[in-house]
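Everything below concerns the one structure shown next.
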Amino acid sequence: MKLTISKEGEFIPEFNKNKELASTDQIRVRFRYPTLTMKNRCRSKPQAKGIAAADGKMEKMEIIINKDEFATLKEMLIGIDNCSFGDSSSEQKITNAQTLIDAPVVFEPLLKEIVKEFDRILDEPSIDEKN
């Protein structure tokens, strides 16, 4: 069986009523579909932490799962189109993971929305099969 799958995808975030804009003005996020290696790098392994009482008996166990949003963003993001900020005298474009990470805090909801979409893709892979 041969599966024909896309290597790249695109989505339009809802950030700042972006979907209500004309299609030529919308922020577009281009990303690479993850490989198994990418998924492994983006997902931390669960860590168990045991709390023992003074007598040495186990009191409780905690499971800690850490996700690195920046690692996910850097692994999957190819580019961002139509996204910038500035004042009347200058404009700075947000075009990639690093420029988004370095952007003002008002862009945090955009970063979170992008990472949430990437997490969805990592956790719920689907085959875009073309037969």
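Sequential numbering from 1 along the given sequence is applied to the chain's residues.
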Can you check whether I114 reaches M76 side chain to side chain, under 4.5 Å on heavy atoms? no
**Prompt:** Between E113 and K116, is the closest basic N to carboxylate O distance under 4.0 Å?
**Reply:** no
ask   = Is L110 close to C83 at the side-chain level, that is, under 4.5 Å between some pair of heavy atoms?
value = yes
Checklist entry - Mind checking whether N40 and T37 have side chains closer than 4.5 Å, heavy atoms only? => result no
Salt bridge (Lys or Arg N to Asp or Glu O under 4.0 Å) pairs touching residues 87-104, sequence neighbours excluded, are none
Taking distance alone, no hydrogens or angles, what donor-acceptor pairs closer than 3.5 Å link side-chain atoms of residues 22-31 to residues at least two apart or in another chain?
| residue | atom | partner | partner atom | Å |
| --- | --- | --- | --- | --- |
| Q26 | NE2 | K19 | O | 3.2 |
| Q26 | NE2 | L21 | O | 3.3 |
| R28 | NH1 | E10 | OE2 | 3.2 |
| R28 | NH2 | S23 | O | 3.4 |
| R30 | NE | D81 | OD2 | 3.1 |
| R30 | NH2 | D81 | OD1 | 3.3 |

dist T72:OG1 -> K74:NZ (nearest 0.5 Å) comes out at 11.0 Å
Kindly say whether E75 contributes a backbone atom to a donor-acceptor pair with the side chain of R32 at under 3.5 angstrom? yes
Distance col, row L73:CG vs K112:NZ, nearest 0.5 angstrom, shows 11.0 Å
From the list L111, V115, L100, side-chain contact (heavy atoms from CB on, under 4.5 Å) partner of F70 resolves to L111
Ignoring hydrogens and geometry, is there a side-chain-to-backbone donor-acceptor pair from K39 to L122 under 3.5 Å? yes
**OP:** Please examine the side chains of Q92 and I94, heavy atoms only from C-beta on, and report whether any two atoms are closer than 4.5 Å.
**Re:** no
Neighbour count above 12 (heavy atom, 6.0 Å) for L36 CG: no
